[in-house]
2 protein chains.
Amino acid sequence: MIKYLDQTPVLVAVDCIVFGFDGQDLKVLLIKRGFESERDRWSLMGGFVKFDEDIDQAANRVLEQLTGLEGVYLEQLKVFGDPNRDPTERTISISYFALIDIHQYEKQLNDDYHAEWFLIKDIPQLIFDHQEMLNKALRKIRYKAAFHPILFELLPEKFTIPQLQYLYEGIYDSTFDKRNFSRKILSTKLLIKQLEKDKDSSKKGAFYYTLDKTRYIDKFQAFLNFIPNPESLID
Amino acid sequence: MIKYLDQTPVLVAVDCIVFGFDGQDLKVLLIKRGFESERDRWSLMGGFVKFDEDIDQAANRVLEQLTGLEGVYLEQLKVFGDPNRDPTERTISISYFALIDIHQYEKQLNDDYHAEWFLIKDIPQLIFDHQEMLNKALRKIRYKAAFHPILFELLPEKFTIPQLQYLYEGIYDSTFDKRNFSRKILSTKLLIKQLEKDKDSSKKGAFYYTLDKTRYIDKFQAFLNFIPNPESLID
DNA sequence: CCAAAAGTGTTAGTAGTACACCCATGA
DNA sequence: TCATGGGTGTACTACTAACACTTTTGG
């Protein structure tokens, strides 16, 4: 068996940036690192790729081991490969971002895994280049959500249009006209109106909608420009 | 010094997909692999990341060593990490794509480096998962070029609007109305009209234009939707 | 003088934006 | 009954798409 001689192997890690939306704010999930070096400092969900493991698999496994999350939206973001990014040992890291419905997992995450949600404006000091990864992920989400319906991944199965609008406004740190917003969203034909109303946030109540999964998959690439100036987005 | 114990390091490679446009067709640069295994089979420009080297650096170095290309547009694409992708040894590969002006390098590439240009429709059998990388890079270019002026990287410093249109038509395998195309392009204010004309492709001659570099940088994120249905694009 | 490609303007339709009032209900 | 948030329609503007003729000039 031929081998590549004279090549130095390096450690390969994956780091997952997990986003959630609590109905008010976009949040990021962090844990206290469980091993040396930098044990007990705040960190993204990270781990090493095993010898016999595909990279996407590794990301899913690490995420599951550290948070119990399975089958969530997970997308490869970028490789971070500065030779000095981890002073312990040369390690390159392949970053992924995940979008989840925060309420579906909130309790499990806190009780079983001691993971904690942080406001974007309120992130503690992170290890290595994790803050840079987070920034990159945020920009990517803003970019992608302008053309693809990924933000639905952050919402529960049933949601109202005002909730959805609130989410978009949070992501783009801006406000939209509710008449235009609702027309735009409904014109995608991606939403199915339910009979039931959410009465929590108003007296009149807002109708629940669910995602039309079939159309969601079909139309994933075809979505509307939600933001006034897509120019400002950086991939 | 703490080290990460019990973690298996793997080899990390970079592979560069180099695109060029000859005025007629989009082409891809390939070389015959210079080492075992798979020596002498057609391959993308690949090499291993050195122990002390940043990933982007590695991609630039490998590209330069194999083709002499320096300072060209080079963007990270995706990590390919199937454990069996390279049967020789577990290697993950970080793919990059480059866009260059084919004529500026054509001679050098053939004479000094024995690299060859291939039509997209006419790619020979490639090693490992290089065909998959190429497909991914093509989709990415189509996606990105719909919103960002990256295709100018494929043209010489001076080019005509019909040339540019021909390029876009090639990339999107479709045709555009020349009146609308020219209006759209000129409305970006990215082009500076020259006094000189290109008389090669017509008797009347077409005016040369150059890119306004300052505006190009400023407007890189703000470009027009060139294709009729961006839906069809997959990131 | 004619073939071949360059260059240019107008109109109609569509999509986006701005804007204000009524509705339902719990307290 | 009133305060709160939900829901809807219309007019204007801007962009996009469709379309045809004139210009230049080398052979």
Side-chain angles (χ1 to χ4, degrees), chain A residues 23-24 145-147 155 158-170 172 174-210 219 222-233, chain B residues 23-24 145-147 155 158-170 172 174-210 219 222-233:
Chain A
Q24 291 285 116
F147 309 109
L155 292 172
K158 291 177 189 175
F159 52 87
T160 67
I161 291 184
Q163 277 165 18
L164 185 62
Q165 178 169 354
Y166 206 81
L167 170 56
Y168 273 92
E169 292 181 337
Y172 293 112
S174 102
T175 58
F176 306 114
D177 181 275
K178 65 177 174 174
R179 290 158 291 192
N180 294 338
F181 182 84
S182 130
R183 185 157 2 102
K184 219 168 182 177
I185 284 285
L186 292 173
S187 79
T188 65
K189 311 265 188 198
L190 241 45
L191 300 194
I192 302 168
K193 191 174 188 170
Q194 305 301 114
L195 298 171
E196 197 188 348
K197 277 184 165 186
D198 164 44
K199 312 270 280 188
D200 286 349
S201 56
S202 80
K203 293 163 184 173
K204 184 178 179 182
F207 281 104
Y208 278 119
Y209 287 81
T210 58
K219 286 210 166 186
F223 205 53
L224 300 170
N225 304 8
F226 267 103
I227 45 162
N229 51 343
E231 310 91 76
S232 63
L233 298 176
Chain B
Q24 290 285 115
F147 309 109
L155 292 172
K158 290 178 191 177
F159 52 88
T160 68
I161 291 185
Q163 277 166 21
L164 185 62
Q165 178 169 355
Y166 207 80
L167 170 56
Y168 272 93
E169 292 181 338
Y172 293 112
S174 105
T175 58
F176 306 114
D177 180 275
K178 65 177 173 175
R179 291 158 289 191
N180 294 338
F181 182 85
S182 131
R183 183 155 4 95
K184 218 167 182 177
I185 284 286
L186 292 173
S187 78
T188 64
K189 311 265 187 199
L190 240 47
L191 300 194
I192 303 167
K193 191 175 189 171
Q194 306 300 115
L195 298 173
E196 197 187 348
K197 276 185 166 186
D198 164 44
K199 312 272 279 187
D200 286 350
S201 56
S202 80
K203 292 163 184 173
K204 184 179 179 181
F207 280 104
Y208 279 119
Y209 287 81
T210 58
K219 287 209 168 189
F223 205 54
L224 300 170
N225 304 7
F226 267 103
I227 45 163
N229 52 343
E231 309 91 76
S232 64
L233 298 175

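In what follows, every chain begins at residue 1, and chains take the letters A, B, ... in the order their sequences are listed.
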Chemist: Between Leu186(B) (CG) and dA6(C) (P), how many Å, whole number?
Modeler: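 In whole Å, dA6(C) P lies 14 Å from Leu186(B) CG.
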Chemist: Go through the steps to decide whether Leu190(B) and Ile185(B) satisfy the test side chain to side chain contact (heavy atoms under 4.5 Å, CB included), and finish with yes or no.
Modeler: CA-CA 8 Å; Leu190(B) 240 47; Ile185(B) 284 286; over 6 Å; no
Chemist: So what does Ser201(B) touch, heavy atoms closer than 4.0 Å: a base, only the sugar-phosphate, or nothing?
Modeler: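 Ser201(B): backbone/sugar contact only, no base atoms under 4.0 Å.
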Chemist: What class does the angle between the rings of Phe176(B) and Tyr172(B) fall in, given that below 30° is parallel, 30 to 60° is tilted and above 60° is perpendicular?
Modeler: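 Correct class here is perpendicular.
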Chemist: Please work out if Ser182(B) contacts a base, only the sugar-phosphate, or nothing of the nucleic acid, heavy-atom cut-off 4.0 Å.
Modeler: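 The residue Ser182(B) makes no contact with any strand.
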Chemist: Excluding sequence neighbours, so at least two apart, what forms side chain to side chain donor-acceptor pair (under 3.5 Å) with Gln24(A)?
Modeler: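 Expected list: none.
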Chemist: Please state how far atom NZ in Lys184(A) lies from atom C1' in dT8(D), giving the value in whole angstrom units.
Modeler: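 Taking atom C1' of dT8(D) as the reference, NZ of Lys184(A) is at 18 Å.
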Chemist: To the nearest angstrom, how far is Lys193(A) atom NZ from dG7(D) atom P?
Modeler: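 Taking NZ of Lys193(A) and P of dG7(D), I get 7 Å after rounding.
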Chemist: Would you mind reading off the distance between Gln165(B) atom CD and dA5(C) atom P, rounded to a whole angstrom?
Modeler: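 These atoms are roughly 13 Å apart.
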Chemist: Quick one: Gln163(B) CD to dA5(C) C1', roughly how many Å, whole number?
Modeler: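 After rounding, the gap between these two atoms is 13 Å.
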Chemist: Write down the distance between CZ (Phe181(A)) and P (dG6(D)), rounded to a whole number of angstrom.
Modeler: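 Whole-Å distance recorded here is 12 Å.
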Chemist: Across nucleotides 18-27 of chain D, 5' to 3', mark each nucleotide with B, S or - according to how protein heavy atoms within less than 4.0 Å reach it.
Modeler: BBB--BBBB-
Chemist: Tell me the interatomic distance from Phe176(A), atom CZ, to dG7(D), atom C1', rounded to whole angstroms.
Modeler: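 Computing the Phe176(A):CZ to dG7(D):C1' distance gives 19 Å.
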Chemist: Figure out the CZ/P separation between Phe207(B) and dA6(C), and round it to whole Å.
Modeler: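 Atom-to-atom, Phe207(B) to dA6(C), this comes out as 13 Å.
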Chemist: Enumerate, atom names and distances included, each donor-acceptor pair closer than 3.5 Å involving a side-chain atom of residues 202-210 of chain A, sequence neighbours excluded.
Modeler:
| from | atom 1 | to | atom 2 | distance (Å) |
| --- | --- | --- | --- | --- |
| Ser202(A) | OG | Gly205(A) | N | 2.9 |
| Thr210(A) | OG1 | Gln194(A) | OE1 | 3.1 |

Chemist: Measuring from atom OG of Ser187(A) to atom CG of Asn180(A), what distance do you get when rounded to the nearest 0.5 angstrom?
Modeler: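 Reported to 0.5 Å precision, the distance equals 11.0 Å.
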Chemist: For Gln163(A), enumerate each residue passing the side chain to side chain contact (heavy atoms under 4.5 Å, CB included) test, keeping only those at least two apart in sequence or located in another chain.
Modeler: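 Side chain to side chain contact (heavy atoms under 4.5 Å, CB included) list for Gln163(A), sorted by chain: Phe159(A), Thr160(A), Asp198(A).
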